[in-house]
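Notes follow the structure.
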Amino acid sequence: MSDNIRELADTSYRSESYDEAYDYYSRLLEENPDDAEAWVRKGVSAAWKSSLDDDRFKELYVSLEKAEEKGHDIEDADISGRIVGAAEDYIDEIYAFFDEKIEDKRKEAMGTGTLESVKRENVKTEGFVQGGKLASEWLKAFKAMKYASELYPTTKRCRKSIREIDKLRAHSDEFKEYLTQNNDAAGLHKEIMSIREELLETARDIDPEFKPEKVETGGGTSSGGCYIATATVGYEQHPMLFTLRRFRDEHLLTNPLGRAFVSTYYATAPYLARVIERSELLRSLSMRLVVKPLYHFASHLDSDR
C-alpha cells in the first residue's frame, strides 16, 4: 500500500500537483516519521499551498529542518528552485489581491461626475493603504527566496529575487511610496532592503562582476512603452509590465521582424490604449485575451534564462 502511495506522491510532485503531493506525503509520514524525503517534499508542497488566507511558509522551514535532522541533504538545486517558484506564485497572488482592490476603487469612482484628477488621487490613496497592509506578505515571499538562495545559491536565483524586490519598490513609488511612508509598513522596508543586500552579496560571492537588472519604469509614455498593457492594468508600475518590457527589449528588439512589429505597434497602440482605458469591458477583454496570455508566454521564456 505504501509503495502505491509513494508512487502517487512522487508523480504528483514531479507534475507540480502540490495539493495532492502534500496529502500523499502526509500519509507516508504518518506511517514512517523518519522518511526524510517525504519531509522535504511535504514542506515544498506546503509552500506552494500558501495563500493570503493560509501562510504555509513556516511549515516549509520546519519540514526541511526535520529532513535535515534525519540526514537528508537539503542543499539541492531542485528544492531551491521549487521554493523560489512557490514564492513567485505567492507574489503573484498578492499583486492580484492588490489589483482587485484598486479596480474596485476605480469602478467606485466611475460615472460619479468626479474630476479625473480626483479619481486618480483616490486610486493612489487606495493603493497606498493596501500596499501598507500587504507589505508583510511580500516580506514572507522575499524571506523564502533568500532561504532558497542559502540552500543552493546561483546568480540566476539571486537576480530573479532582487528583480522582484526592485519591482515592488517601483510599485510602491507609484502609490505614494507606501513602503516607506505608510505606518503599516514601518520597519518592513528595512528588512526587505536587507534581504536585497544579502542576495546581492551572495551573487557577488559567486560572480564578482554580478550586476542586478535595472528595473525599467514607465509605461504608456513618450519614452515608448506597453501602451495597451498599461491601459489594461491601469497603472505604469504594474509587475506584469516589467516582464513585458523585458520581453520587448530582449526578444523583439533583437531581430528585424521583432523591430518591425514594435514599430507598427507604437504607431497604432496609443489610440487603441485610449479607447481601452475608457471601457471596463474592453479592459477586461484585453486582460484575458491579450495581456495575460502574452505575460505568461514572456514569463515562460524568462524562467528558462
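In this text the structure is predicted, and so the values were computed from the model without any measurement.
- Residues Lys133 and Asp184 are not paired through a salt bridge, judged by the lack of any N-O separation under 4.0 Å between the basic side chain and the carboxylate.
- Rounded to the nearest 0.5 Å, atoms CG (Asp35) and NZ (Lys66) are 13.5 Å apart.
- The shortest distance between side-chain heavy atoms of Arg169 and Ile165 falls below 4.5 Å.
- Tested against Tyr25 for a side-chain hydrogen bond (donor to acceptor under 3.5 Å, both in side chains), the candidates Arg41, Arg6, Lys42 yield a single pass: Arg41.
- Using modelled atom types, no side-chain atom of Ser279 and backbone atom of Val275 make a donor-acceptor pair closer than 3.5 Å.
- Judged by the 6.0 Å and 45° rule, Arg274 forms no cation-pi pair with Tyr271.
- In this structure a side-chain-to-backbone donor-acceptor pair under 3.5 Å is missing from Arg56 to Ala47.
- Interatomic distance, CG of Leu8 versus CG of Asp23, reported as 11.5 Å (0.5 Å rounding).
- Both Tyr90 and Phe142 belong to a single network of hydrophobic side chains, linked directly or stepwise wherever heavy atoms of I, L, V, M, F, W or Y lie under 4.5 Å apart.
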Asp55/Lys140 under side-chain contact (heavy atoms from CB on, under 4.5 Å): CA gap, chis, key distance, verdict: CA-CA 9 Å; Asp55 172 19; Lys140 290 175 189 175; 3.5 Å; yes
Full working for side-chain contact (heavy atoms from CB on, under 4.5 Å) between Gln237 and Leu241: CA-CA 7 Å; Gln237 306 306 331; Leu241 299 183; over 6 Å; no
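- A cation-pi arrangement is found for Lys49 relative to Tyr22, the charged atom lying closer than 6.0 Å to the ring centre and inside a 45° cone about the ring normal.
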Using distance only, find each side-chain donor-acceptor pair of residues 192-205 under 3.5 Å and give its atom names and separation, not counting sequence neighbours.
residue	atom	partner	partner atom	Å
Arg196	NE	Asp166	OD1	2.8
Arg196	NH2	Asp166	OD2	3.1
Glu198	OE1	Lys146	NZ	3.4
Thr202	OG1	Glu198	O	2.9
Arg204	NE	Phe210	O	3.1

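- Between the Trp39 side chain and the Pro33 main chain, a donor and an acceptor come within less than 3.5 Å of each other.
- Thr243 contributes atom OG1, which lies 5.0 Å from atom CZ of Arg246 (distance to the nearest 0.5 angstrom).
- Both Ile228 and Phe297 sit in one connected hydrophobic cluster of ILVMFWY residues. Membership requires side-chain heavy atoms under 4.5 Å apart, directly or through other members.
- Using a 30° and 60° split on the angle between ring planes, Phe175 and His171 fall in the tilted class, from 30° to 60°.
- Looking only at distances, a side-chain donor or acceptor of Ser15 sits under 3.5 Å from a matching main-chain atom of Thr11.
- Using bins of under 30°, 30° to 60° and over 60° for the plane-to-plane angle, the ring pair Tyr147/Tyr61 lands in the perpendicular bin.
- Stacking of Arg82 on the aromatic ring of Tyr13 is recorded, both the 6.0 Å distance cut-off and the 45° axial limit being met.
- Counting only heavy atoms from C-beta outward, the side chains of Glu174 and Glu236 approach each other to under 4.5 Å.
- Across every non-hydrogen atom of Trp138 and Gly131, the tightest pair is CZ3-O, 3.8 Å.
- Under the 4.0 Å criterion applied to side-chain N and carboxylate O atoms, Arg106 and Glu126 are not assigned as salt-bridge partners.
- Contact annotation: the side chain of Val129 never approaches that of Lys101 to less than 4.5 Å [non-hydrogen atoms, C-beta and beyond].
- Ring centers of Tyr266 and Tyr227: under 6.0 Å apart, within the cut-off.
- When only modelled atom types and interatomic distance are considered, Arg248 and Tyr265 share no side-chain donor-acceptor pair under 3.5 Å.
- Put simply, the side chain of Ser172 gets close to the backbone of Leu179: a donor and an acceptor are under 3.5 Å apart.
- Heavy atoms of other residues, nucleotides or ligands lying less than 6.0 angstrom from NZ of Lys167 number more than 12.
- When atom types are taken as modelled, the side chain of Asn182 and the backbone of Phe128 share a donor-acceptor pair closer than 3.5 angstrom.
- For the pair Val40 and Asp76, the minimum side-chain heavy-atom distance is 4.5 Å or more.
- For Thr125, the side chain to side chain donor-acceptor pair (under 3.5 Å) criterion is met by Lys176, not counting sequence neighbours.
- Here Phe97 contributes atom CZ and Ser51 contributes atom OG; the two are 11.5 Å apart, rounded to the nearest 0.5 Å.
- Residue pairs satisfying the salt bridge (charged side-chain N to carboxylate O under 4.0 Å, His left out) criterion with at least one member in residues 86-99, sequence neighbours excluded, are listed as follows: Glu88-Lys160.
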Step-by-step side-chain contact (heavy atoms from CB on, under 4.5 Å) determination, His72 to Glu37: CA-CA 7 Å; His72 197 286; Glu37 184 175 68; 4.2 Å; yes
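- Linking ILVMFWY side-chain heavy atoms closer than 4.5 Å, directly or via other members, places Trp48 and Leu52 in a single hydrophobic cluster.
- A heavy-atom distance below 4.5 Å is found between the side chains of Arg259 and Pro256.
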